[in-house]
Number of protein chains: 2
Amino acid sequence: MTGTRPFKHALDRLQQAGLRPTRQRLALARLLFDKVDRHITAEQLHAEAVDAEVQVSLATVYNTLHQFTDAGLLREVVVEAGRSYFDTNTSDHHHFFFEGNGNLQDIPGESVTVAHFPAAPAGTRVARVDVIIRLAPEEA
Amino acid sequence: MTGTRPFKHALDRLQQAGLRPTRQRLALARLLFDKVDRHITAEQLHAEAVDAEVQVSLATVYNTLHQFTDAGLLREVVVEAGRSYFDTNTSDHHHFFFEGNGNLQDIPGESVTVAHFPAAPAGTRVARVDVIIRLAPEEA
DNA sequence: AATTAATTTAGAAATATTCTAAAATGTTTT
DNA sequence: AAAACATTTTAGAATATTTCTAAATTAATT
Ligand SMILES: [Mn+2]
Ligand SMILES: [Mn+2]
Ligand SMILES: [Zn+2]
Ligand SMILES: [Zn+2]
C-alpha cells in the first residue's frame with residue numbers, strides 16, 4: 001500500500017523531535033523530508049503546501065521551520081540579505097552559492113578542509129563553521 | 001591644521017572609485033574610512049551621520065554603501081537573515097560571528113586554510129570564499 | 001466529557017531594502 | 001559666468017521578509 005510509508009516517515013521525525021504530530025506538521029514534514037535533500041524558503045514551502053492542497057498559514061510554516069531547525073531536523077542557511085534557506089541536509093557540509101540565480105548546492109563536509117583558524121575567544125565555543133563558495137558566471 | 005587630512009583621505013577614495021565627491025559621499029567616506037576597520041549596517045551608519053550632523057537620507061546611505069561595495073571600497077557580509085553588514089576591511093579575510101550579540105570579528109585570510117574543495121562547476125568561477133565561524137556562549 | 005496545554009491562524013506590526021520621480025547639485029560647454 | 005547637461009539626492013511610497021498578538025482550534029490527559 002503506497003502512501004502510508006511517507007506518513008510513517010514524517011511521524012517518526014516528529015516523535016524523534018518531541019513535537020505533536022499535527023495535520024500541518026505532518027504535511028510539512030512530508031513535503032520537506034520525503035524527497036531528495038533540498039534548500040527551500042518559507043514562501044516556497046508554503047506555495048508547495050497550497051499546491052498540494054494542504055491548508056496551512058504562512059505563520060505556521062515559519063513556526064514549523066524554526067521548530068524543526070531547533071530540533072535539528074533542518075539547518076538554516078543565510079547567504080543573501082533578506083532571504084533564508086532551510087536545508088534538509090543536516091549533516092556537516094558546505095555550499096556553492098550561484099550569485100546569478102540564487103541556487104545553493106551542497107559540498108560534502110569531508111571534501112573541504114578548514115584548517116589553522118584561531119581558537120574561539122574565551123567564553124565561547126564554535127557552534128558551526130560555514131564555508132560558502134560564491135560563484136559568478138564565467139566571463140566571456 | 002587638523003581636520004583637512006581626513007577630507008583628503010576620503011576624497012582620494014572617491015576619486016580612486018570614480019565617484020563624484022559630493023557632500024554626502026565625502027561625509028560617509030569619512031565616517032567609514034577615517035577610523036579602524038569595522039562592520040556596520042546601513043541604519044547604524046545613517047544614525048552616525050545624523051549624530052555627526054551630516055544631513056543625508058537613508059536611501060542615500062543605501063545607495064552609497066552599494067556604490068562603495070561595487071567599487072571595491074567595501075565588502076558586504078551576510079550572516080543573519082534580514083541584516084546586512086558592510087565591511088571596511090576589503091582584504092581577503094574571514095569572520096567570527098557571535099550569535100549571542102551579532103558581533104563580527106575579522107580573521108586574517110592567511111590564518112585560515114580552505115583546501116580540497118571541488119572545482120567550480122562549468123561556466124562559473126569562484127567569486128569569493130567566505131568562512132564564517134559561528135560562536136555561541138560557552139555552556140556552564 | 002471535561003480539563004488543560006499546545007498549536008494554528010488572520011491580521012497587524014516590525015524591519016529591511018528598493019523604487020520612483022521630482023528637486024538639487026555638480027560638471028562641462030559655450 | 002550662464003546655459004546645458006548629467007548625476008545625485010531625496011521623501012515617500014512600495015515591496016519583501018519575518019515576527020508578533022491574541023483569539024480560535026485542536027490535541028492530550030484526566
Ligand atoms: Mn523568499
Ligand atoms: Mn540593521
Ligand atoms: Zn545544504
Ligand atoms: Zn571583516
Side-chain angles (χ1 to χ4, degrees), chain A residues 7 10-11 13-15 17-31 39-50 52-71 73-87 99 102 104, chain B residues 7 10-11 13-15 17-31 39-50 52-71 73-74 76-86 99 102 104:
Chain A
F7 278 106
L11 191 58
R13 295 269 188 151
L14 294 182
Q15 278 167 344
L19 293 168
R20 282 190 184 177
T22 63
R23 183 174 55 72
Q24 291 87 343
R25 284 183 183 149
L26 271 171
L28 294 176
R30 291 185 67 195
L31 290 172
H39 306 96
I40 194 171
T41 67
E43 296 222 11
Q44 281 168 4
L45 180 59
H46 184 246
E48 282 195 16
V50 167
E53 314 206 45
V54 172
Q55 202 197 295
V56 59
S57 70
L58 182 58
T60 295
V61 171
Y62 272 105
N63 289 342
T64 303
L65 287 171
H66 287 137
Q67 289 155 357
F68 285 7
T69 300
D70 292 345
L73 265 36
L74 290 175
R75 219 177 91 166
E76 192 172 353
V77 179
V78 180
V79 283
E80 274 190 318
R83 175 187 258 174
S84 251
Y85 292 92
F86 291 86
D87 192 341
E99 312 215 291
L104 278 171
Chain B
F7 278 106
L11 191 59
R13 295 269 188 151
L14 294 183
Q15 278 166 345
L19 293 168
R20 285 190 182 177
T22 64
R23 181 174 56 73
Q24 290 86 343
R25 285 184 183 148
L26 271 172
L28 294 176
R30 291 184 67 194
L31 289 173
H39 308 95
I40 193 170
T41 66
E43 297 223 10
Q44 281 167 5
L45 180 58
H46 184 246
E48 281 195 16
V50 168
E53 314 206 45
V54 171
Q55 201 197 296
V56 60
S57 71
L58 182 58
T60 294
V61 170
Y62 272 105
N63 288 342
T64 302
L65 286 171
H66 287 137
Q67 290 155 358
F68 285 8
T69 300
D70 292 346
L73 265 35
L74 290 175
E76 192 171 354
V77 180
V78 180
V79 284
E80 273 191 318
R83 173 186 257 175
S84 251
Y85 292 92
F86 292 86
E99 313 216 287
L104 278 171

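All chains are named by letter (A, B, ...) in the order of the sequence lines, taking the proteins before the strands, and each is independently numbered beginning at 1.
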Would you mind reading off the distance between [X] atom [atom1] and [N] atom [atom2], rounded to a whole angstrom?
{"X": "B/Glu43", "N": "C/dT17", "atom1": "CD", "atom2": "P", "value": "8 Å"}
{"X": "A/Gln15", "N": "D/dA28", "atom1": "CD", "atom2": "P", "value": "10 Å"}
{"X": "A/Gln55", "N": "C/dT7", "atom1": "CD", "atom2": "P", "value": "19 Å"}
{"X": "B/Leu58", "N": "D/dT10", "atom1": "CG", "atom2": "C1'", "value": "11 Å"}
{"X": "B/Leu19", "N": "C/dT27", "atom1": "CG", "atom2": "C1'", "value": "15 Å"}

State whether the side chain of [X] and the backbone N or O of [Y] hold a donor-acceptor pair below 3.5 Å, judged by distance alone.
{"X": "A/Arg20", "Y": "A/Arg25", "answer": "no"}
{"X": "B/Arg23", "Y": "B/Gln55", "answer": "yes"}
{"X": "A/His46", "Y": "A/Val56", "answer": "yes"}

Hey, could you give me the CG/CZ distance between B/Leu28 and B/Arg13, rounded to the nearest 0.5 Å?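 Here the interatomic distance stands at 13.5 Å.
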OG1 of A/Thr64 to CG of A/Leu26: how many Å apart, nearest 0.5 Å?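 Here the rounded value is 10.5 Å.
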Quick check: do B/Asp70 and B/Gln67 have side-chain heavy atoms less than 4.5 Å from each other?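 They are not in contact (no side-chain heavy atoms under 4.5 Å apart), so the answer is no.
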Contact class for [X] (heavy atom, under 4.0 Å): base, sugar-phosphate, or nothing?
{"X": "B/Glu80", "answer": "nothing"}
{"X": "A/Gln67", "answer": "nothing"}
{"X": "B/His66", "answer": "sugar-phosphate"}

Distance below 4.0 Å between A/Thr60 side-chain N/O and C/dT9 OP1 or OP2: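 A/Thr60 to C/dT9 OP1/OP2: side-chain N or O found under 4.0 Å.
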Please determine if a side-chain N or O atom of A/Thr41 lies less than 4.0 Å away from the OP1 or OP2 oxygen of D/dT17.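 Result: no.
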Closest non-hydrogen atom pair, A/Tyr85 against A/Glu80: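 Smallest heavy-atom distance, with atoms named: OH-OE1, 4.4 Å.
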Judged by each residue's nearest nucleotide on DNA chain C, which is more toward the 5′ side, B/Tyr62 or A/Val61?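 So the residue in question is A/Val61.
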In residues 20-29 of chain B, which residues come under 4.0 Å of DNA chain D by heavy atom?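 Within residues 20-29 of chain B, the residues near DNA chain D are B/Arg20, B/Thr22, B/Gln24, B/Arg25.
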